[in-house]
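Below is one structure; the comments refer to it alone.
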There are 2 protein chains.
Amino acid sequence: MKVEKISELTTNRMSIYLRCLNALAAENVKTVSSDGLAKRFHLNSAQIRKDLAYFGEFGVRGVGYYVDELREHLTKILGLNTEHCVAIIGAGRLGTALADYYGLTQTNFSVAAMFDADKEKIGQKIGDVEIFDIKDFARIAKRDKIDVAVIAVPAAVAQSVLEIITKAGIKAVMNFAPTPLKVEGDVKVKTVDLTISLESLSYFLAQPTNSNGKN
Amino acid sequence: MKVEKISELTTNRMSIYLRCLNALAAENVKTVSSDGLAKRFHLNSAQIRKDLAYFGEFGVRGVGYYVDELREHLTKILGLNTEHCVAIIGAGRLGTALADYYGLTQTNFSVAAMFDADKEKIGQKIGDVEIFDIKDFARIAKRDKIDVAVIAVPAAVAQSVLEIITKAGIKAVMNFAPTPLKVEGDVKVKTVDLTISLESLSYFLAQPTNSNGKN
DNA sequence: TGATGTGAAGCGGTTCACAGCC
DNA sequence: GGCTGTGAACCGCTTCACATCA
């Protein structure tokens with residue numbers, strides 16, 4: 001185990017490993033080697049070992065890793081042993097879809113509130129989640145102990161929304177607006193750009209290698 | 001200009017550059033230097049020049065780039081001068097949200113069909129888009145000239161859906177199922193994992209540096 | 001003069017290969 | 001014998017710095 005800065009690529013993979021281990025646990029598998037994990041889930045065994053070793057010596061030489069034990073370690077490392085309260089800003093189609101999606105699929109994250117600037121939407125509910133006026137963000141965020149914000153507003157207003165969020169003391173932000181954001185201070189912003197992803201596929205299709213369907 | 005394999009990181013940025021140029025064009029800006037672009041949109045000027053140079057010599061020394069001309073080049077490079085027809089597999093909450101989202105925000109991509117296995121959903125419409133039986137995928141895909149597929153089904157069935165898609169000859173796939181997929185042949189799969197993104201934020205929040213809000 | 005295009009240097013992540021331990 | 005943990009080699013992307021050219 002080393003005391004180094006851990007790359008985001010590593011932490012992303014930790015999340016993947018945890019899911020894989022959950023699958024194994026569901027099958028009642030007790031131990032697994034890095035090689036076994038890699039083969040089963042199309043991963044790289046050296047990378048698994050290296051990633052895990054950043055956080056501790058969880059394995060047993062000659063045996064592998066104990067599935068349940070490692071699951072607990074990963075859960076703690078990823079901070080998934082505590083609840084997180086999520087606010088979604090932008091109650092448009094994407095925002096409401098994310099509210100449903102996260103509400104259903106995520107166990108440690110609960111969507112506590114939504115925000116919008118549209119008077120028509122304010123006061124309505126998406127499932128159990130109320131839509132508040134974005135002007136009240138700081139107050140509601142504090143009241144509901146929000147610690148994660150999701151930006152699902154048009155690109156043009158994303159930067160100003162980010163400023164409202166960070167002023168309220170939120171440190172973790174997921175951004176779905178297709179625009180690069182200027183981030184100040186120790187705030188983590190993860191941008192998921194659905195447009196870039198699609199255009200990247202378009203580029204791939206435009207390459208001559210793929211035009212005939214063979215290569 | 002070099003004849004090398006171009007990294008996906010580069011093509012992703014090309015998509016960003018195009019958006020930036022569109023913004024400049026909307027402001028009637030005629031020329032821009034790599035430095036000007038970088039300052040304005042928080043990018044890196046050396047990287048802009050290097051990225052563009054992979055595809056040609058679009059700039060003029062001492063001047064910069066002509067905005068309109070470069071926009072056209074990027075549009076062509078990214079294959080955005082031709083229409084793409086998208087199929088969304090999985091008519092659940094995420095799938096329907098994506099149908100709406102892509103239908104509204106993307107100009108060169110049109111959602112032509114949706115698919116599901118649930119008899120209740122088959123035959124219904126999301127906006128103008130009909131939901132078909134996944135069993136008819138190959139037929140409909142051919143009929144409607146689908147060239148991009150979006151996977152928005154549960155993780156457990158994502159792999160089998162991918163196989164249906166690739167057997168039908170689709171080469172470009174966007175995957176929202178939270179699972180690593182085994183890809184065969186010259187098919188491009190882009191996975192967007194909303195779970196990983198959230199858990200990565202959770203990790204960030206769990207770090208001691210961030211617990212006091214300062215560092 | 002001013003900005004591009006590009007070799008070269010720098011840096012970070014991945015893969016290799018093996019010593020160390022069960 | 002088997003598998004982990006890890007230094008070293010490798011590889012690819014980013015950044016630098018400057019020759020080149022309008």
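The structure presented is a predicted model; accordingly, all values stated were derived computationally and were not measured. Note on naming: letters A, B, ... go to the chains in the order of the sequence lines (proteins, then strands), and numbering restarts at 1 for each one.
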If you only use heavy atoms from C-beta on, which nucleotide in D:dC16, D:dT14, C:dG5 is closest to the side chain of B:E57?
C:dG5
Verify the ring-centre separation between A:F115 and A:F137: is it less than 6.0 angstrom?
yes
Are there over 12 heavy-atom neighbours, none belonging to B:F41, within less than 6.0 Å of that residue's CZ?
yes
Counting only side-chain nitrogens and oxygens, does A:Y65 get under 4.0 Å of the OP1 or OP2 atom of D:dG5?
yes
Are any of A:R13's side-chain N or O atoms less than 4.0 Å away from OP1 or OP2 of C:dG13?
no
Value in whole Å for how far the P atom of C:dT4 lies from CD of B:E69:
13 Å
Could you please name the option among D:dC16, D:dT4, C:dT15 that lies closest to any side-chain atom of A:S33?
D:dT4
Can you check the B:K50 NZ to C:dG7 P distance for me, whole Å?
8 Å
What's the closest nucleotide to the side chain of A:L9 if the choices are D:dG5, C:dT14, C:dT15?
C:dT14
I'd like to know if the side chain of A:E199 and the backbone of B:L80 have a donor-acceptor N/O pair within less than 3.5 Å.
no
Measure from the side-chain N and O atoms of A:H84 to the backbone N and O of B:L201, and report whether any donor-acceptor pair falls under 3.5 Å.
no
Think B:S34 has a side-chain N or O under 4.0 angstrom from the OP1 or OP2 of C:dA3?
no
Between B:E163 and B:K182, does any side-chain N to carboxylate O distance fall below 4.0 Å?
no
What is the separation between atom CG on B:L43 and atom P on D:dC13, rounded to the nearest whole Å?
18 Å
Roughly how many Å is it from CG in B:D51 to C1' in C:dG5, rounded to a whole number?
13 Å
Measure the distance from CG on A:N44 to P on D:dT6 and round it to the nearest whole Å.
17 Å
Mapping A:R49 and B:F58 to their closest nucleotides on DNA chain C, which lands nearer the 5' end?
B:F58
Residues A:T10 and A:D51: side-chain donor-acceptor under 3.5 angstrom:
yes
Would you call B:K145 and B:E83 a salt bridge, taking side-chain N to carboxylate O under 4.0 Å as the test?
no
CD1 of A:I89 to CD1 of A:I151: how many Å apart, nearest 0.5 Å?
6.5 Å
Could you go through the side chain to side chain contact (heavy atoms under 4.5 Å, CB included) check for A:L78 and A:Y17 one step at a time?
CA-CA 11 Å; A:L78 288 170; A:Y17 301 154; over 6 Å; no
Please give the angle, rounded to 10 degrees, between the axes at the start and the end of the helix from C:dT1-D:dA22 to C:dC22-D:dG1, where five pairs define each axis.
0°
Contact list (N/O, under 3.5 angstrom) for nucleotides 19-22 of chain D vs protein:
{"unit_1": "D:dT20", "atom_1": "O2", "unit_2": "B:R61", "atom_2": "NH1", "d": "2.5"}

Rounded to the nearest angstrom, tell me the gap between atom CG in B:L52 and atom P in D:dT14.
14 Å
